[in-house]
Student: 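Once you've had a glance at the structure underneath, I'll fire off some questions.
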There are 2 protein chains.
Amino acid sequence: MSLASIGVAMAQKPNSQVLDQTISIDRASYEPAYAQLAGILRQSMATGILRPGNQLPSEAQLCERYDVSPMTVRRAINLLVDQGFVVAEQGRGTFVKPVAMGAATFQLRDLQTLFNDSEHTTVHVLEARIVDADERVARKLEISSGERTIYIRRLLRTDGLPVLYHREYLIYDPLRPIVEAELEVTALQRLFNGTGETILKHGDINLEATILTDEEAKILQAPQPMAAFCFEHLFYDFDDKPISWGWFIGRADCLKFSTQVGLLMDRKERS
Amino acid sequence: MSLASIGVAMAQKPNSQVLDQTISIDRASYEPAYAQLAGILRQSMATGILRPGNQLPSEAQLCERYDVSPMTVRRAINLLVDQGFVVAEQGRGTFVKPVAMGAATFQLRDLQTLFNDSEHTTVHVLEARIVDADERVARKLEISSGERTIYIRRLLRTDGLPVLYHREYLIYDPLRPIVEAELEVTALQRLFNGTGETILKHGDINLEATILTDEEAKILQAPQPMAAFCFEHLFYDFDDKPISWGWFIGRADCLKFSTQVGLLMDRKERS
DNA sequence: CTTGAGAACTTCCCTATATAAGTGTATAAT
DNA sequence: ATTATACACTTATATAGGGAAGTTCTCAAG
């Protein structure tokens, strides 16, 4: 404990090595100055010149060293703060964050590629009919038990192989008759990448791990027993009324989520 | 198609309702002007005054309406861009993004709470010994087959109930003898929330769904068959050499990941 | 009537500078 | 010895203005 704190105290002193580097800002480059500076600082962290717990050179020091205005330094540091690499404390300094496994985030975007290349992906509607809501569905969609809902079952295939099984209950709206075309690819595509007109305001999504039921295994052509990912989703419109509740189910051996923590050097600059 | 594009075209005209509101920036407030402005714009989106596809008022308009400088408006909009609510296109305008399910991110942070309240959480080391690396381990840790590694098996309990089973292979470093205390709670705590001194630079994490093996089910006191989440992790030091490879396995009925897409009104302002 | 080039305009983007506010330390008074 | 104060140093916020990129309109040539 005491040893560790001494180590940190030593490391907290501003490291001037970053300033002694010969590289500087290329004013002719298309890459803005603040982005270049952020890159230099990230490079310093990646190479170990700046380590977790270390204090970055002060804004004034960076201004003088790289001959840019304080506002430019400010943006560069804000960028790193937003990206979660450093923390800035007013009156104290800016420090490099340690990597934490808890900071890992898994993006559903990985699945999105599946929907986008319509070359290999096809959507087949297995079933689409109007059903009366049972108590479970009614509670989720905040309607009365027995009211009409649209029940849809879809199967997504890539190169003919089934990958995702989708079941969904939709609010039945007499003013908005179901267009047959809506049931095909487009609806799911729009749901995922948000293209086109949308009436969704927000949604809740749960990720669970399950074992395929007999029906699911049969539809997904999977041997049993087979582990699976299940994405439960509940979407709301602009009046905060639920309009859709359903699940995506996919075989675990076809789906995998990867992520990285710490420093990625090919980060897109934006702020 | 043509109908939809007409609808979008109409909606794309700058919506002046945002400007006609009576509310304005409170200069006496502790909340900075840019954050207030960002809040006002988000509120407009949440209430439906600004809808997906709509164009925000131009920066100049916002300047005049709320009597702030261009740079302040700039920061507010940058904030919304970073948070993924709007997209800015140079020369065209800034537009409200539609909600996309693909934008959903699941945070491992939810697990972190488990490690933090040491009141109810205990870590028990089931096994810790030095083993020779087999080919699979050697390839992952980028060492020669047969080299020494530290193999650790841990069990995490909350309120006495087993929730996570952890297996890990560590590079054996003669210079860094294994302290018994390191094997207990602290090591995992630091791994997750990044407190204290760390030698980790970055790591890759995979999330998979599996079915518990006999051994795992027995240790986690789970009935069979039981679905489970599996987090495979591979960590690197500052020389980009692997130092640790392992898995966390947890019962699916004890773990669930939730997230939201679209507008959350209690967002922390920062930039 | 159609088409293409160019100017004018609107839009977001970037930098420079000044001022405020918080933190820690050294110093002086009690 | 303890407390209060002044100062140096940090990040945070705001203002002003110039520049770059895209869109739209105009107008002349084919």
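We name chains A, B, ... by the order of the sequence lines, and we start the count at 1 in each one. Keep in mind it's a predicted model, so treat the numbers as computed, not measured.
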Student: If you take the centroid of each ring, where Trp contributes its six-membered ring, are B:Phe257 and A:Phe106 closer together than 6.0 Å?
Tutor: no
Student: How many Å lie between CD on B:Gln36 and C1' on D:dT13, as a whole number?
Tutor: 12 Å
Student: In whole angstrom, give the distance that lies between atom CG of A:Leu41 and atom C1' of D:dT11.
Tutor: 15 Å
Student: With sequence neighbours excluded, what pairs up with A:Ser244 under the side chain to side chain contact (heavy atoms under 4.5 Å, CB included) test?
Tutor: A:Glu168, A:Leu170, A:His233, A:Phe235
Student: Has the side chain of B:Glu232 got a donor or acceptor atom that lies under 3.5 Å from a matching backbone atom of B:Leu207?
Tutor: no
Student: Return no unless some side-chain N or O of B:Tyr34 is found under 4.0 Å from OP1 or OP2 of D:dT13.
Tutor: yes
Student: Can you tell me how far P of C:dT15 sits from CG of A:Asp26, to the nearest Å?
Tutor: 12 Å
Student: In whole angstrom, what separates A:Ile25's CD1 from C:dT15's C1'?
Tutor: 13 Å
Student: Rounded to whole angstrom units, what separation is found between the CG atom of B:Leu37 and the C1' atom of D:dT13?
Tutor: 14 Å
Student: Return no unless some side-chain N or O of A:Arg92 is found under 4.0 Å from OP1 or OP2 of C:dG24.
Tutor: yes
Student: Starting at atom CZ of B:Arg75, determine the distance to atom P of C:dC12, rounded to an integer number of angstrom.
Tutor: 18 Å
Student: Quickly work out the B:Leu62 CG to C:dC13 P distance and round it to whole Å.
Tutor: 13 Å
Student: Please identify each residue that fulfils side chain to side chain contact (heavy atoms under 4.5 Å, CB included) with B:Ser258, with sequence neighbours left out.
Tutor: A:Asn206
Student: Could you list all N or O pairs between the protein and nucleotides 19-21 of chain D that sit under 3.5 Å apart?
Tutor:
from, atom 1, to, atom 2, distance (Å)
D:dA20, N3, B:Gln90, NE2, 3.1
D:dA21, O4', B:Gln90, NE2, 2.9

Student: Report the residues that fulfil salt bridge (charged side-chain N to carboxylate O under 4.0 Å, His left out) with B:Asp240, sequence neighbours left out, ordered by chain and then residue number.
Tutor: B:Lys201
Student: Between the protein and nucleotides 15-17 of chain D, list the N/O to N/O atom pairs that are separated by less than 3.5 angstrom.
Tutor:
from, atom 1, to, atom 2, distance (Å)
D:dT15, OP1, B:Arg27, NH2, 3.1
D:dT15, OP2, B:Ser69, N, 3.2
D:dT15, OP2, B:Ser69, OG, 3.4
D:dT15, OP2, B:Thr72, OG1, 3.2

Student: Can you tell which of C:dT11, C:dT15, D:dA12 lies closest to the side chain of B:Gln55?
Tutor: C:dT11
Student: Starting the side chain at C-beta, find the nucleotide from D:dA12, C:dT15, C:dT11 nearest to A:Pro32.
Tutor: C:dT15
Student: Could you work out, with side chain to side chain donor-acceptor pair (under 3.5 Å) as the rule, every residue matching A:Thr94, not counting sequence neighbours?
Tutor: none
Student: Under the rule for ring-ring contact (aromatic ring centres under 6.0 Å, His included), what residues qualify as partners of A:His202, not counting sequence neighbours?
Tutor: A:Tyr236
Student: Return the set of residues passing salt bridge (charged side-chain N to carboxylate O under 4.0 Å, His left out) with B:Glu89 (not counting sequence neighbours), or none when no residue passes.
Tutor: B:Arg92
Student: Below the 4.0 Å mark, does D:dT11 have OP1 or OP2 next to a side-chain nitrogen or oxygen of A:Thr94?
Tutor: yes
Student: Between A:Glu89 and B:Gly93, name the one whose nearest nucleotide on DNA chain C is closer to the 5' end.
Tutor: B:Gly93
Student: What is the distance from CD of B:Glu59 to C1' of D:dG22, rounded to the nearest Å?
Tutor: 14 Å
Student: I'd like to check the side chain to side chain donor-acceptor pair (under 3.5 Å) partners of A:Gln107; sequence neighbours left out, ordered by chain and number.
Tutor: A:Arg109
